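Heads up: the structure comes next, in structure tokens.
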Protein chains: 2
Amino acid sequence: MNTLAEENYLKSIYHLSLNAENVSTNQLAALLNTKASSVTDMLKKLADKELINYTPYQGVTLTPPGEKIAINIIRKHRLWEFFLVEKLNFKWDEVHEMAEEMEHISSNELIDRLDRFMGYPKYDPHGDPIPDCDGKFKVHDLKPVSAIEINESGIICGVRDHSAGFLQYLEKQGLTIGKKIKVEDIIEFDRSMILQMETKTVQISREVANNLLITL
Amino acid sequence: MNTLAEENYLKSIYHLSLNAENVSTNQLAALLNTKASSVTDMLKKLADKELINYTPYQGVTLTPPGEKIAINIIRKHRLWEFFLVEKLNFKWDEVHEMAEEMEHISSNELIDRLDRFMGYPKYDPHGDPIPDCDGKFKVHDLKPVSAIEINESGIICGVRDHSAGFLQYLEKQGLTIGKKIKVEDIIEFDRSMILQMETKTVQISREVANNLLITL
DNA sequence: AATAAAATTTAGATTAGTCTAAATTTATTA
DNA sequence: TAATAAATTTAGACTAATCTAAATTTTATT
């Protein structure tokens, strides 16, 4: 098995890989709250284990075995988040830190049974897809609210920013997963958006619109 | 917060304290699968933190704060074991290793909610009492089957040996928590015992009888 | 293309937890 | 009670993961 630190590096490389071909040392250092020199050391170790492809100065990518491990950790993280919200009634902004610890519980049998216990959920409380026991998951393509025009509408299906502060703000505005919204107007001055919802109208900044994801 | 190693030492000291006033370095080394010299190092560290009372060569006891931490870890361990058996349908011999990891999930809010979710269970799958959120628990006094006479009876309420092998053996014989047994005979030669149960009669060795706990 | 800036790696040190081997203390026993 | 055995601690070393500071490589800019 891999150490906690190794698992966290693989997970971070996976996440950063979604936005860029090669993941850089500095990107990892920033995400992992560590120093670039520490990252370099770990990259060598992971490369020795053939979990990443590492060329000095050129960044890294995951090998297939490395990606498998990363996805398995993400599966665990999201299933535990689902458990915490659905079974223990935590709010969606409260579960991230706990799941950061729980994702390292090693047993796959445990996580598969947890999956069954909860009825094989497809999405976690933030709308992120939960990989199945073979690591497969739908990448339903979402767009930020900021990308749609006046009078277009969609259903809230995810967030880009997972910080507690952002999630709490959304909760307060009623902008939660599954809600239908329609763009009523866009303010020219700051491009903030006025959204029509079932029972009310809310105004959100461009920043918020960029981080709120919908399907049409 | 304390490290994983520290938590495991405190937990082990607690368990060993139940059988002896002072816990010795070698006892800890044996239980933790480590060397006496490693134990000494850790004892110094825990003494610095005032979690144990340590006098060189004389063994250790837990301080009140140390005991509180130990009991909290045991609470977590037993609640997770209960969860694994009751909600995820694991068998009683399968859950120990998983709970060894899960007991270190730090959030107390999480464990309190888990407790509520399961209806505040009083005993774990092996019959051990689960401390409540204030660390209190009943120490119902059990005796080994080997301590009762012919024609006396009792209800199985716990085990001394928690190894998977022993638990599997008990399961196969139907000697599980809650079952009523009566001593029908004791074989003089090896003091093995013949137990009358609801639907059948089983013979168990003295060794087994010593490790199977009942209430009268 | 030369130089400056940014990114990355290397070198050497640090901490937690562990180890072996040697030294010391306590317990046992002849 | 002196010698021996057992238990424990100390000394010094090791590994994983991190750090700072210096060196190197890549990228950007005149």
Side-chain angles (χ1 to χ4, degrees), chain A residues 1-17 19-62 66 69-70 73 100-101 103-104 106, chain B residues 1-17 19-62 66 69-70 73 100-101 103-104 106:
Chain A
M1 249 303 100
N2 307 289
T3 66
L4 187 99
E6 285 168 355
E7 290 191 348
N8 283 332
Y9 272 85
L10 292 173
K11 180 183 58 164
S12 296
I13 294 167
Y14 181 88
H15 285 310
L16 292 169
S17 292
N19 298 317
E21 196 60 15
N22 274 29
V23 175
S24 76
T25 301
N26 269 0
Q27 280 178 300
L28 278 166
L31 187 57
L32 288 161
N33 257 299
T34 184
K35 302 295 170 179
S37 56
S38 308
V39 174
T40 301
D41 287 345
M42 182 58 93
L43 294 184
K44 287 179 188 165
K45 194 174 159 197
L46 292 173
D48 282 348
K49 290 187 162 196
E50 301 190 357
L51 297 173
I52 61 171
N53 305 113
Y54 171 53
T55 318
Y57 298 102
Q58 303 305 310
V60 296
T61 58
L62 292 171
I69 293 167
I73 295 164
E100 283 293 287
E101 292 181 53
E103 71 191 8
H104 300 289
S106 60
Chain B
M1 248 306 98
N2 306 289
T3 67
L4 187 100
E6 286 168 355
E7 290 190 347
N8 283 332
Y9 272 85
L10 292 173
K11 181 184 58 164
S12 297
I13 293 166
Y14 181 88
H15 284 311
L16 292 170
S17 293
N19 299 316
E21 196 60 16
N22 274 29
V23 175
S24 75
T25 302
N26 270 1
Q27 280 179 301
L28 279 167
L31 186 57
L32 288 161
N33 256 299
T34 185
K35 302 294 168 177
S37 57
S38 308
V39 174
T40 301
D41 286 346
M42 183 58 92
L43 295 183
K44 287 178 189 166
K45 194 174 159 198
L46 293 172
D48 281 348
K49 289 189 163 197
E50 300 189 0
L51 298 173
I52 60 171
N53 305 114
Y54 171 52
T55 318
Y57 298 102
Q58 304 305 311
V60 296
T61 58
L62 292 171
I69 293 167
I73 294 164
E100 283 294 287
E101 292 182 52
E103 71 191 7
H104 301 288
S106 59

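None of the values given here were measured: they were computed from a predicted structure. Every chain is numbered from 1, with letters handed out A, B, ... down the list of sequences.
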- Query: Judged by atom type as modelled, is there a donor-acceptor pair below 3.5 Å linking the side chain of E7(B) to the main-chain atoms of I73(B)?
  - Reply: no

- Is there a donor N/O on one and an acceptor N/O on the other, under 3.5 Å, for the side chain of S24(A) and the base of dT8(C)? no

- Task: Between dC19(C), dA11(C), dT18(C), spot the one nearest the side chain of S37(A), thanks.
- Result: dA11(C)

- Message: So if I take every side-chain heavy atom of Y57(A) and compare against dT20(C), dT25(D), dT10(D), which nucleotide ends up nearest?
- Response: dT25(D)

- Indicate whether OP1 or OP2 belonging to dT8(C) is found under 4.0 Å from a side-chain N or O atom of Y54(A). no

- Message: Rounded to whole Å, please give me the gap between CD in Q58(B) and P in dA6(D).
- Response: 19 Å

- L4(B) CG to dT18(C) P: how many Å, rounded? 9 Å

- Query: Checking N8(B) side chain against L32(B) main chain: does a donor-acceptor pair fall under 3.5 Å?
  - Reply: no

- Task: Figure out the CG/C1' separation between N2(B) and dA16(C), and round it to whole Å.
- Result: 14 Å

- How would you label the contact of A5(B) with the nucleic acid (heavy atoms, under 4.0 Å): base, sugar-phosphate, or nothing? sugar-phosphate

- Message: Can you give me the closest heavy-atom contact between H104(A) and E100(A), atom names plus distance?
- Response: CD2-O, 3.0 Å

- What's the CD-C1' distance between E7(A) and dA16(D), to the nearest Å? 15 Å

- Note on the structure: N22(A) CG to dT8(C) P, in whole Å, measures 11 Å

- Query: What is the distance from NZ of K35(B) to C1' of dA22(C), rounded to the nearest Å?
  - Reply: 16 Å

- D41(A) has an atom CG; how far is it from atom C1' of dG12(C), in whole Å? 11 Å

- Please figure out whether Q27(B) or T3(A) has its closest DNA chain D nucleotide nearer the 5' end. Q27(B)

- Message: Taking only side-chain N and O atoms of Y9(A), does any of them lie within less than 4.0 angstrom of OP1 or OP2 on dA16(D)?
- Response: no

- Task: Taking the side chain as every heavy atom from C-beta outward, state whether L46(A) and V60(A) have any atom pair closer than 4.5 Å.
- Result: no

- Message: Please confirm whether the shortest side-chain N or O distance from T25(B) to OP1 or OP2 of dT9(D) is below 4.0 Å.
- Response: yes

- Under 4.0 Å between a side-chain N/O of S38(B) and OP1 or OP2 of dT18(C), yes or no? no

- Message: Without decimals, in angstroms, what is the distance between M42(B) CE and dT15(C) P?
- Response: 16 Å

- Between dC19(C) and T34(B), is there an OP1 or OP2 to side-chain N/O distance shorter than 4.0 Å? yes

- Note on the structure: Tightest non-hydrogen contact, residues L62(A) and A70(A), listed as CD1-CB, 4.1 Å

- Within the structure, does a side-chain N or O atom of K44(B) lie under 4.0 Å from either OP1 or OP2 of dT9(D)? no

- Item | side-chain N/O N26(A) vs dA6(C) OP1/OP2, d < 4.0 Å | no

